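A short worksheet on the structure shown next.
Sequence lines set the chain letters: A, B, ... in the order given, protein chains first and strands last, and positions in each chain run from 1. Quick caveat: nothing in here was measured; it's all calculated off a predicted structure. The figures that follow rest on heavy atoms only: side chains count, while hydrogens, waters and symmetry mates do not.
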2 protein chains.
Amino acid sequence: MKVLIIEDDPLHRSYLHQVISNALPECTLIAEAEDGLVGERLAREQRFERIVMDLNMSPRNGIEAARTIWHERPDTSILFWSNYADEANVRGISRIVPSGAAYGYVLKSTSDERLQLALRAIFVESQCVIDREIRGMQQRSLGHADEFSESEYEVLVDIALGLTDKTIAKRRHLSLRSVQNRLQSIYEKLGVYSAAEGVGRDPNFNFRSRAVTVALMRGLLNHSTLERAEGELSSWLKRHAGA
Amino acid sequence: MKVLIIEDDPLHRSYLHQVISNALPECTLIAEAEDGLVGERLAREQRFERIVMDLNMSPRNGIEAARTIWHERPDTSILFWSNYADEANVRGISRIVPSGAAYGYVLKSTSDERLQLALRAIFVESQCVIDREIRGMQQRSLGHADEFSESEYEVLVDIALGLTDKTIAKRRHLSLRSVQNRLQSIYEKLGVYSAAEGVGRDPNFNFRSRAVTVALMRGLLNHSTLERAEGELSSWLKRHAGA
DNA sequence: CACTGTCTTGCGGGTTCCCGCAACTGATGT
DNA sequence: ACATCAGTTGCGGGAACCCGCAAGACAGTG
């Protein structure tokens, strides 16, 4: 059995190395990569099927690396080991995980034992292991009324990128009014209408830009989501430059 | 000599502990705190005059802890040891450092030797040590034309919080038009007017909300700055509820 | 089939934003 | 005293935003 570690912090890397060799004595090779790019390369060249990786790395964060790795070998088992329980991360991962692949999401703050259990469950039993905190967040954001539908999420990203209603409409193939409807429900779900639990709409606020920071503070959006979206946007803008 | 470590990551904490005992053999006591609150308490109760602390912690991040610690004992020497070189952090620190206090800002990615040198320089020689990357950023943001004046920065924070022009004017005691002037220069300095180095203003963009994310991606604003500002805002809103 | 709930689109209009233009203040330098 | 330059304020207007209202589309249900 071979395991690949992709993690930029050297301390965390060596800690992981040690925990893995404890939890998986049958492991014969533990390789390390310090960012997403060399991680992708090692996974491809040495055909790793078991990977533990961090999410917040630069250049090339964990989600992007996982995307290309899973694209090349969909049966790879990946354990994400991250500091944060951002909804942006969870959403990003659930968008790219191939059906049938074993994966896990464990917070760095969990105990040694939990981490070891997760390692065995994923790499030996091919089970999926999601930390309780993450699951909780998935439920909360999925079950309740303030769930974000995929289309609402897209529009949220677009206003964060700073697009006008009109441009969003063009990009997402909607009418102007539909975009604005989505905006209204986004504002409502983000609770942007009033700072202090008031009922009415607070005339002190510009809902649009407040929505952006609220989404960021809630972890609904994060740095790398935005960078990725920015890239997609600029290529779209080039394609539609004439229009 | 006694040193206090304030750092939430246990691995980084023990690493710091080890490096400190190496670099400062004359040190007789090394205490550890895992967040800003207990850090403040320990510093107060046991009268630490030398502190190494992380910036990104919750609850109570490094800057807030440093503020209260310096408030109680302005001669404390503090070495900030952080992952990021955000302008928000640098700005936040330079706002609270008492005149004459020795402090340092070192990135976690620097080598052992540099960290050890910094420790001796600050805690033994009472010098200030700022990592080259940070200095570079200070220069870039201060020397060039795209420096942000303090007043512009305030307005930037306000639009990130989602205030309307009118409310910003009331809060900052300006006319409406002055606020908008500041906005214009902010937009210009952030380079929000066009995605692809065009000259004119891109009608696809809503400059206001784009400015927020650009500022965040550049590290001009960050999570904890915004939380702090949000708190100040809500108390201001309460005071001026009737007006 | 009728009923209901969700989603979309158009219309109209009040409000806010964005900004060019021009006048005024105040500080600085020669 | 005069010129200059940065910063502030008012005015006016075009564009964008926010949203209530109502009409249509479409799926699921009894």
> With a non-hydrogen cut-off below 4.0 angstrom, is A/L176 in contact with a base, only sugar-phosphate, or nothing?
Replying inline: nothing

>> Is it true that A/R172 and A/S151 share a donor-acceptor pair across their side chains at a distance under 3.5 Å?
In response: no

>> Between B/R177 and B/N181, do the side chains contain a donor N or O and an acceptor N or O under 3.5 Å apart?
In response: yes

>> Between A/D86 and A/A88 (side chain of the first, backbone of the second, donor and acceptor by atom type, cut-off under 3.5 Å), is there such a pair?
In response: no

>> On DNA chain C, compare the nucleotides closest to B/R177 and A/F205; which residue's is nearer the 5' end?
In response: A/F205

> Around B/R132, counting heavy atoms of other residues, nucleotides and ligands shown, do more than 12 lie under 6.0 Å from its CZ?
Replying inline: no

>> Within the 4.0 Å heavy-atom criterion, would you say A/T164 contacts the bases, only the backbone, or no part of the nucleic acid?
In response: sugar-phosphate

>> With a 4.0 Å limit, can you tell me whether A/S175 has a side-chain N or O closer than that to the phosphate oxygens OP1/OP2 of C/dT9?
In response: yes

> With the threshold set at 4.0 Å, does a side-chain nitrogen-carboxylate oxygen contact exist between B/E40 and B/R67?
Replying inline: no

> Whole-Å distance between C/dT6 C1' and A/E152 CD?
Replying inline: 12 Å

> Toward the 5' end of DNA chain D, which comes first, A/Y187 or B/S178, by nearest nucleotide?
Replying inline: B/S178

> Is it true that B/R208 and B/D165 make a salt bridge, defined as a side-chain N closer than 4.0 Å to a carboxylate O?
Replying inline: yes

>> I'd like the 5' and 3' limits of the part of DNA chain D contacted by chain A, with heavy-atom contacts below 4.0 Å.
In response: D/dA16 to D/dC21

> If you look at every heavy atom in A/P98 and A/P74, which pair is closest and at what distance?
Replying inline: CG-O, 3.7 Å

> Starting at the 5' end of DNA chain C and moving along, which residue's nearest nucleotide shows up first, B/N181 or B/R208?
Replying inline: B/R208

> Any side-chain N or O of B/Y193 less than 4.0 Å from the OP1 or OP2 oxygen of C/dC19?
Replying inline: yes

>> What is the distance, to the nearest angstrom, from the CG atom on A/L174 to the C1' atom on C/dG10?
In response: 14 Å

> Considering only heavy atoms and no angle criterion, is a donor-acceptor pair shorter than 3.5 Å present between the side chain of B/Q184 and the base of C/dC19?
Replying inline: no

> Please give, in whole Å, the distance from C/dC17 P to A/K166 NZ?
Replying inline: 19 Å

> Just how far, in rounded Å, is C1' of C/dG13 from CD of A/Q180?
Replying inline: 13 Å

> For B/L163 and C/dT16, what is the distance between atoms CG and C1' respectively, to the nearest whole Å?
Replying inline: 14 Å

> Counting just side-chain N and O atoms, does A/R182 come under 4.0 Å of either OP1 or OP2 of C/dT8?
Replying inline: yes

